[in-house]
*Asks:* 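Could you have a look at this structure, given as structure tokens, before my questions?
Naming: A, B, ... by sequence-line order, numbering from 1 per chain.
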Amino acid sequence: MQQQLTAKERMKIPRHHMIEQDPLERSRNFEEVNLGYTAKMAQEEALRCIQCPKPSCVEGCPVNIQIKDFINLIAEGDFLGAVHKIKEDNALPAICGRVCPQEEQCEQACVVGKRGEPVAIGYLERFVADYERKQGKIEYPTINKSTGKKIAIVGSGPAGLSCANDLVQWGHKVTVFEALHELGGVLVYGIPEFRLPKEIVRKEIDGLRKMGVEFVTDAVIGRTTTVDELMQEEGYDAVFVGVGAGLPWFMGIPGENLVGVYSANEFLTRVNLMKAYRFPEFDSPILDCRGKNVAVFGGGNTAMDAVRTSLRLGAKNAYIVYRRSEKEMPARVEEVKHAKEEGVQFKILTNPVEFIGDEKEWLKAVKLIKMELGEPDDSGRRRPVPIEGSEYIMDIDIAVVAIGNGSNPLIQQTTPEIETSKRGTIVVDSETMKTSKKGVFAGGDIVTGGATVILAMGAGRKAAKAIHEYVMEGKW
Amino acid sequence: MFKIVKAEFLAQDIKLFQIEAPRIAKKRKAGQFVIIRLDEHGERIPLTIADSDPEKGTITIVVQGVGKTTKALNLKETGDTIMDVVGPLGEPSHIEKFGTAVSIGGGVGTAIAYPTAKALKEAGNYVITINGARSKDLVILEEEMKQVSDEAYITTDDGSYGFHGFVTQKLQALIDEGKKLDFVLAIGPIPMMKAVADVTRPYGIKTVVSLNPIMVDGTGMCGGCRVIVNGQSKFACVDGPEFDAHGVDFHNLADRNKMYSVYEKEALEKFEHECKLDKKIEAIENAG
Ligand SMILES: Cc1cc2nc3c(=O)[nH]c(=O)nc-3n(C[C@H](O)[C@H](O)[C@H](O)COP(=O)(O)OP(=O)(O)OC[C@H]3O[C@@H](n4cnc5c(N)ncnc54)[C@H](O)[C@@H]3O)c2cc1C
Ligand SMILES: Cc1cc2nc3c(=O)[nH]c(=O)nc-3n(C[C@H](O)[C@H](O)[C@H](O)COP(=O)(O)OP(=O)(O)OC[C@H]3O[C@@H](n4cnc5c(N)ncnc54)[C@H](O)[C@@H]3O)c2cc1C
Ligand code: SF4
Ligand code: FES
């Protein structure tokens, strides 16, 4: 079919929009917002790809998925072939297809997008991954003969999981240590169900388990066991540290300890990991948002997740308060769009100055100040500066601070030979992900600071390659 | 799954458990705690490691049944299991030879103070322990405390045993006797810890309290456990739980700890109702 269409004809096909739950309905439930393409839609969307001889989308993807080839397979109707093609470079397509900022990566680079809307690479990736999962016959890669080498992976986020995925295939004995009681890192405690169903993450982990990866939950490395003990006493030949960026920043303004002020991590963890939205069926509570005014401070994915969660918990008014303009928001474009459709109110160029409480220290309002954009700062974005005298008070019942995360110092404190930067991130060789300590590698948010799932995944795989070489050849 | 190898009540509503957790038993130091989750639907709650036996691979916790989770835990018996036990968490107590060290425990705080009192003794301090309870039948770990103390006092609010009055009155009495106290550790209900801080402040006696804010992960990830110490926000699960008593904002801690009281009440009522139903069904089955 594909051969019959010229590039011009293909470019005339309009981009297929995602089938979504109705905004009003979905803003009150926790089910997934995006419902996915049908097979017909996927094939038609795949036809929009003009099969560039030098596909720029591949360059745009941080792990260089063979996008052109997998899309061609979809156009031909070989959906399983397509997903296997993706999996050569990305172990977690069902997840990346849902959470990657495609508009800044593959889709931004897509040539079709120069004239109109780019090929929906993310939706296609998601479609084939879901297709494989739903038809139930997941093909597991063959596992090489045992090398007798033991590798410890610290942290079960995308970095750790993808590292484990490669190493176990190459015949190593892989054990993943996770501090929490659930596996998946931010994918389970941070990103909500309505964006990434936990079932998908669980399936990926089950797959790894079937391939022979061992998982140990409730193990805080640095406390329960140290990196040194893993290597010296428990016989691990190498350790990969993928502990993420999980230390929430607060703003340091008055009133931040009032009852009703949450970090986004806590707010989302209570809901996603502890299932507080199903209290009292689950024991962990969260402050009742029904009929309340909830303000979320920040403009990233975390902020969007928190504010949309508050709507689903029944908030009457849900606000995003962000100090720059919408253009500077680091969140995925789709999340901002979804948040708006669901009724989130955006207060941009606005910053909090102080939280105000009652005599029992319960939050009742926030003092805000208007901002304007000044000169560009280090990040190249225009620096927001407060407009004098523009303060005003907004009544709120719950505040969620989502201004980012620093790195948890636990591992570095207990293994001081692992060199860290001033910001607390672990310093590595960018090709091999080697840290300053022999046998120890690191990757993901603990190295980059809060970044993306695909970058963490890519880092995990880079490290896997270097770990393999190191344990097989013994050369550091 | 973590197996309970010993379970016994020390007093009404206060139960001691020994749990198999070899990695934690080996690693833990005085002042550290675990977070437990009873089952798939359970909350994560922090409990101090009162003791451990690295050889046997067990840790000891002492639990006061105050709400749904602790009461459900206290229904467990030897041979039962706990789904998740993670630790040891928190910074260990800072132990050194201070000279004369006083360990004050209120209620179940006695059990929390015990490992630190023991460590203070082992570090060569002259250890005075003051342990308070509402009445005689609620006094716990009397023998254990005696063994690690040079002087051991019990106080009861109703005077049914030991010194009649609050732990702070006993502490004040010691100071008034002219005893030179170099270090005070106080663990118990927030008003008690605040009162101890108020007693020692004018004398400039170094005083440490172990704070009990509401926690979730216990690893520094959520910030829910933040407390104000010397005007600064600290995460009790990683920076504490022990802090300089004279710098703690006890009001803020007390207010934050009440944050979920409506939900806690609801959960407890539901739980007690279900327990009653279970008992009724059991009775009917036994009769039939
Ligand atoms: C709410 C939210 C929404 C996001 N949305 C997106 C999105 O839409 N798209 C996107 O690309 N990115 C998104 N991100 C960012 C992305 O999730 C992260 O960049 C990515 O998860 C980093 O992966 P990681 O493996 O490095 O760490 P993490 O996913 O953070 O996993 C680290 C794991 O290590 C565990 N751990 C930590 N310390 C220890 C220890 N001492 N011992 C044992 N285990 C330990 C943690 O419990 C955790 O499970 C989002 C982040 C958040 C918080
Ligand atoms: C570091 C630390 C060590 C502790 N050690 C002990 C101990 O050794 N023995 C003991 O009996 N108790 C200890 N506690 C207190 C114990 O964690 C609480 O009593 C328990 O969480 C109450 O849970 P519940 O469901 O039974 O009661 P609830 O009815 O849910 O709560 C009763 C009160 O306990 C507090 N609380 C509730 N949920 C939590 C939570 N997730 N984390 C912390 N506090 C909470 C609140 O102040 C609440 O008002 C400790 C607390 C901390 C922070
Ligand atoms: S992984 Fe992300 S960047 Fe790469 S092709 Fe898929 S959606 Fe695009
Ligand atoms: S309990 Fe979450 S940071 Fe301390």
*Asks:* Side chain, backbone, both or neither: which part of B:T219 has a non-hydrogen atom closer than 4.5 Å to chain A?
*Replies:* both
*Asks:* B:R28 versus chain A, heavy atoms under 4.5 Å apart: side chain, backbone, both or neither?
*Replies:* neither
*Asks:* When heavy-atom pairs shorter than 4.5 Å are enumerated against chain B, which of A:P280, A:P248, A:S263, A:S284 gives the highest number?
*Replies:*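 Of A:P280, A:P248, A:S263, A:S284, A:P248 has the most heavy-atom pairs under 4.5 Å with chain B.
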*Asks:* Pick one of side chain, backbone, both or neither for B:R37, based on which atoms fall under 4.5 Å of a heavy atom in chain A.
*Replies:*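 Contact with chain A involves the side chain of B:R37 alone.
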*Asks:* Taking heavy atoms only and a threshold strictly under 4.5 Å, list by residue number the residues of residues 15-23 of chain B that touch chain A; give 'none' if the list is empty.
*Replies:* B:R23
*Asks:* How many angstroms lie between CD1 in B:I24 and CZ in A:R223, if you round to the nearest 0.5 Å?
*Replies:*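 Here the rounded value is 12.5 Å.
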*Asks:* Can you see which heavy atom on A:P285 is nearest to which on B:E43, and at what distance?
*Replies:*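 Heavy-atom minimum between the residues: CD-OE2, 3.8 Å.
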*Asks:* For B:I214, which atoms come within 4.5 Å of any heavy atom of chain A: side chain, backbone, both, or neither?
*Replies:* side chain
*Asks:* So which of B:A254, B:G42, B:A267 has the biggest tally of heavy-atom pairs under 4.5 Å with chain A?
*Replies:* B:G42
*Asks:* Anything under 30° is parallel, anything over 60° is perpendicular, the rest tilted; go ahead and classify B:Y263 against A:F279.
*Replies:*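 Ring orientation, 0 to 90° scale: perpendicular.
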*Asks:* Is there any residue in residues 180-192 of chain A with a non-hydrogen atom under 4.5 Å from a non-hydrogen atom of chain B, and which ones are they?
*Replies:* A:L180, A:H181, A:Y189
*Asks:* Is it the backbone or the side chain of B:Y260 that comes under 4.5 Å from a heavy atom of chain A, or both, or neither?
*Replies:*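 Side chain of B:Y260 only, per the 4.5 Å heavy-atom cut-off to chain A.
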*Asks:* Can you tell me which of A:T226, A:L273, A:L268, A:I286 forms the most heavy-atom pairs within a distance under 4.5 Å of chain B?
*Replies:*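 If we count pairs closer than 4.5 Å to chain B, A:I286 comes out on top.
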*Asks:* So for atom CD, which belongs to B:Q12, do other residues, nucleotides or ligands contribute more than 12 heavy atoms lying within a distance under 6.0 Å?
*Replies:* no
*Asks:* Grab the two heavy atoms, one from B:M259 and one from A:W362, that are nearest each other, plus how far apart they are.
*Replies:* O-CH2, 3.5 Å
*Asks:* Inspect the surroundings of CD in A:E281 and state if more than 12 heavy atoms from other residues, nucleotides or ligands are less than 6.0 Å away.
*Replies:*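 Atom CD in A:E281 is crowded, with more than 12 foreign heavy atoms closer than 6.0 Å.
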*Asks:* Verify whether one side chain among A:N257 and B:R226 offers a donor that lies under 3.5 Å from an acceptor in the other.
*Replies:* yes
*Asks:* Residue by residue, scan residues 399-408 of chain A and write down, ordered by number, those that have a heavy-atom distance under 4.5 Å to chain B; if none do, write 'none'.
*Replies:*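 Under the 4.5 Å heavy-atom cut-off, A:N408 qualify.
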*Asks:* Let me know if B:V227 has heavy atoms under 4.5 Å from chain A in its side chain, its backbone, both or neither.
*Replies:* backbone
*Asks:* Counting heavy-atom pairs closer than 4.5 Å to chain B, which one of A:G260, A:G246, A:A245 comes out on top?
*Replies:*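 The residue among A:G260, A:G246, A:A245 with the greatest pair count is A:G246.
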*Asks:* Check each atom of B:F235 against the heavy atoms of chain A and say whether the ones under 4.5 Å are side chain, backbone, both or neither.
*Replies:* side chain
*Asks:* As an exercise: rank A:K360, A:K275, A:E256, A:R270 by heavy-atom pairs under 4.5 Å with chain B and give me the winner.
*Replies:*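 Most pairs with chain B among the choices: A:R270.
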*Asks:* Report the option among B:Q232, B:Q32, B:K270 that has the most heavy-atom pairs separated by less than 4.5 Å from atoms of chain A.
*Replies:*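 Most heavy-atom pairs within the cutoff with chain A belong to B:K270.
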*Asks:* Measuring heavy-atom distances to chain A, does B:E269 have an atom under 4.5 Å in its side chain, in its backbone, in both, or in neither?
*Replies:*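 Neither the backbone nor the side chain of B:E269 comes within 4.5 Å of chain A.
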*Asks:* At a 4.5 Å cut-off on heavy atoms, which part of A:T224 comes close to chain B: side chain, backbone, both, or neither?
*Replies:*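 Answer is both: backbone and side chain atoms of A:T224 are under 4.5 Å from chain B.
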*Asks:* By a 4.5 Å heavy-atom criterion (distance strictly below it), what part of B:V85 contacts chain A: side chain, backbone, both, or neither?
*Replies:*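 Contact with chain A is through the backbone of B:V85 alone.
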*Asks:* If you count heavy-atom pairs under 4.5 Å between each of A:L247, A:L258, A:L410 and chain B, which one has the most?
*Replies:*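 Highest number of pairs under 4.5 Å: A:L247.
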*Asks:* Passes side chain to side chain contact (heavy atoms under 4.5 Å, CB included), B:R256 versus A:E361? Steps please.
*Replies:* CA-CA 8 Å; B:R256 283 183 66 83; A:E361 296 197 76; over 6 Å; no
*Asks:* Just wondering, more than 12 heavy atoms not from B:H251 lying within 6.0 Å of its NE2?
*Replies:* no
*Asks:* Can you list, pair by pair, the side-chain donor-acceptor contacts under 3.5 Å of residues 214-222 of chain A, counting residues two or more places apart and other chains?
*Replies:*
unit_1: A:E214; atom_1: OE1; unit_2: A:K173; atom_2: NZ; d: 3.2

*Asks:* Is the number of heavy atoms from other residues, nucleotides or ligands within 6.0 Å of NZ (B:K29) greater than 12?
*Replies:* no
*Asks:* Please classify the contact between B:L38 and chain A as side chain, backbone, both or neither, with a heavy-atom cut-off of under 4.5 Å.
*Replies:* neither
*Asks:* When rounded to the nearest 0.5 angstrom, what is the spacing between OG1 in A:T269 and CG in B:D217?
*Replies:*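 A:T269 OG1 to B:D217 CG: 7.0 Å, rounded to 0.5 Å.
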*Asks:* Could you point out which residue of A:E233, A:E229, A:E234 forms a salt bridge (charged side-chain N to carboxylate O under 4.0 Å, His left out) with B:K26?
*Replies:*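 Among the candidates, only A:E233 passes.
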